[in-house]
Amino acid sequence: MDSILVEKSPPLSGEVRISGAKNAALPIIAATLLCDSPVTLNNIPNLADISAMERLLCSMGLETRYEREEGTLQIDPSRVRWLEAPYDLVRKMRASFFVLGPLVGKYREAKVSMPGGCAIGARPVNIHLKALEALNIELEVEHGYVVADGSAMKGGRVHLDFPSVGATENALCAAVRAPGETVIENAAREPEVTDLADFLAAAGAKIEGQGSSTIHIQGVDQLSVDSYAIIPDRIEAGTYLAAAALTGGTVQATHCREKDLTAFLADLESAGCQTRIEPNGGGLDNITVSRPGPIEAVSEIVTLPHPGFPTDLQAQMMALLCLAEGTSIIKETIFENRFMHVSELNRMGADIRVEGNSAIVRGVDSLSGSPVMASDLRASAALLIAGLVAEGKTEVLRVYHLDRGYEKIEEKFSGLGARIERVKPAPRSA
Ligand code: UD1
C-alpha cells in the first residue's frame with residue numbers, strides 16, 4: 001500500500017485550485033438515477049470514491065463515461081436493470097446508501113445493503129428510514145438489506161430528529177418524484193445538500209427552501225438536465241488554508257466559496273490568521289490566508305451542523321492548534337468517535353487530552369516526525385499537515401484514505417512548496 005512521506009517544509013506559499021466537492025458529487029451522481037435522459041456532470045473530482053459510485057451505477061446497468069482529467073462524468077440513466085446496491089459495494093463506501101432515495105423515488109422499489117459503522121462512529125441510518133416512511137414508503141430490513149416498496153408513495157411531512165446530511169438527501173430524492181407536497185423539517189443546511197437540491201431543480205424538480213431548515217417539494221413526473229457543475233470542495237479548501245496557517249505561509253485557495261467557510265475562517269482569524277477574499281466570477285472566490293504572528297489558542301471550537309464549524313475540518317484545526325501559544329478546547333458534537341488522530345498527533349509530540357467529547361489541546365513548541373496512521377480521511381489530512389512542521393520526516397500510512405477525498409494531493413502540496421512524495425511499496429521478490 002502507498003504511503004506519503006512529508007518532510008519539514010518551508011512556509012507554504014502560492015495558489016491552489018480547489019476541486020469539485022466529493023460530498024456534493026456523490027449524492028448528485030446517485031440522483032442521476034432519477035433522470036429520464038443522459039446527464040453530464042462537470043467539476044467532478046478524480047477520486048477513488050467517485051469511481052466507487054460510478055461502479056455502483058454500472059452494476060445496476062447504467063452506462064457511464066468518466067473523463068477523469070477533464071472532470072466530467074456522463075451518465076445515461078435510461079436503462080436500469082437491477083434496483084439493488086449490494087453489500088460488497090456499500091461496505092466499501094457508505095455513500096452508496098444514497099441510491100436508496102433515488103431508486104425508490106423513480107422505480108418505486110429498491111434493495112440496498114445497510115452500511116456498517118465506520119472508524120468515526122456507529123453511523124446508523126434510522127433517520128433516513130424514518131424519513132422515507134413519512135413518504136408512505138414501506139421498508140423492511142431483511143438479511144442486512146433495506147427492502148423498499150414505494151408503490152403507495154406520496155408526499156408528506158418529514159421531520160428529521162437531527163439535521164442529518166444523508167437523510168435529508170435521501171428524503172429529497174424520493175420526494176421529488178412523490179405525488180403531492182412534501183415538507184422536510186429540520187433539514188440539513190450543508191452546501192452539499194443545497195447543491196443536490198439545485199441539481200434536482202435544474203432537472204425540473206419543484207423545490208423551495210434549500211439551504212434553510214425547511215424544504216418544500218412538489219412531486220413531478222419527469223426529470224432531465226443536460227449538464228450540471230458541482231460546487232467547490234469547502235473541506236479541501238479548508239485543509240490547504242489550515243496548512244498555510246500552520247506553516248506560517250500565505251496561500252490562496254482559488255475557485256472556492258467564502259460563504260461555505262465562514263465559521264472555519266472566523267476560527268482561523270481567532271487563531272491569529274489574516275484572511276482576504278476576492279471574487280473570482282461566477283459566484284466563486286479566491287481566499288487567501290496568512291499568519292503574520294504566532295498561532296493563538298482558541299478558547300472553544302465546537303463542531304456543529306452547517307453553518308457551524310464543520311466536523312470534517314476538526315482534525316485539521318486540531319493540527320494547527322497543537323503549536324498554539326496557550327490551551328485550546330475542541331468539542332466534537334457530530335460524531336461520537338472522531339478523535340482517532342489525537343493519539344497519533346501525541347506520538348508526534350503534541351499535548352492533547354480527550355475528556356468526553358472535548359479535546360484539550362495544550363500548545364507545544366515543536367512536533368517531531370514519525371510514522372503515523374489514521375483510520376479516516378480527514379484525520380489522515382491532519383497528520384499530513386502536522387508533518388509539514390514536524391522536525392524530520394513523517395510517513396503517513398494507509399494513504400488510500402487520502403485518495404478517497406483529496407485530488408492530486410502530493411501535486412497540490414508540492415506546488416505550494418511542501419516537501420512531500422508518494423512512496424510505492426517495493427515489489428515483492430519472487
Ligand atoms: C455527511 C458527510 C460527512 C460529514 C457529515 C456531517 C458525505 C458523503 N459525508 O455524512 O463527510 O462529516 O455529513 O457533516 O456527505 N445519524 C444517525 N442516524 C441517521 C443518520 C445520521 O444517528 O440515520 C448520526 C450520525 O451517526 C452522526 C450524525 O447523525 O453522528 C451526523 O450524520 P450525517 O449528517 O447523516 O452525516 P453523513 O450524511 O453520514
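Counting starts at 1 for both ligands and their atoms, in listed order.
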Residues that Lys412 engages under side-chain hydrogen bond (donor to acceptor under 3.5 Å, both in side chains), provided they are two or more places apart:
Ser19, Glu236

In terms of atom number and element, which parts of ligand 1 are under 4.0 angstrom from non-hydrogen atoms of Gly166?
35 (O), 38 (O)

Using a 4.0 Å cutoff against the non-hydrogen atoms of Ile334, which atoms of ligand 1 qualify?
27 (C), 28 (C), 30 (O), 31 (C)

Check each atom of ligand 1 against the heavy atoms of Arg338 and keep those under 4.0 Å away; list them by number with element.
12 (O)

Where ligand 1 meets Phe162 - atom numbers and elements under 4.0 angstrom, heavy-atom basis:
28 (C), 29 (O), 31 (C)

Validation row: Ile409, Leu384 side chains within 4.5 angstrom (heavy atoms):
yes

In terms of heavy-atom contacts, does CD of Glu140 have more than 12 from other residues, nucleotides or ligands at under 6.0 Å?
no

At a 4.0 Å cut-off, with the gap strictly under it, does some heavy atom of His128 reach an atom of ligand 1?
yes

Relative to ligand 1, is Thr311 under 4.0 angstrom through side chain, backbone, both or neither, heavy atoms considered?
side chain

side-chain hydrogen bond (donor to acceptor under 3.5 Å, both in side chains) involving Glu355 - partner list, sequence neighbours excluded:
Arg353

Using a 6.0 Å cut-off, check whether atom CD of Glu278 has over 12 heavy atoms from anything other than its own residue.
yes

Is Pro124 near ligand 1, meaning one of its heavy atoms is under 4.0 Å from it?
yes

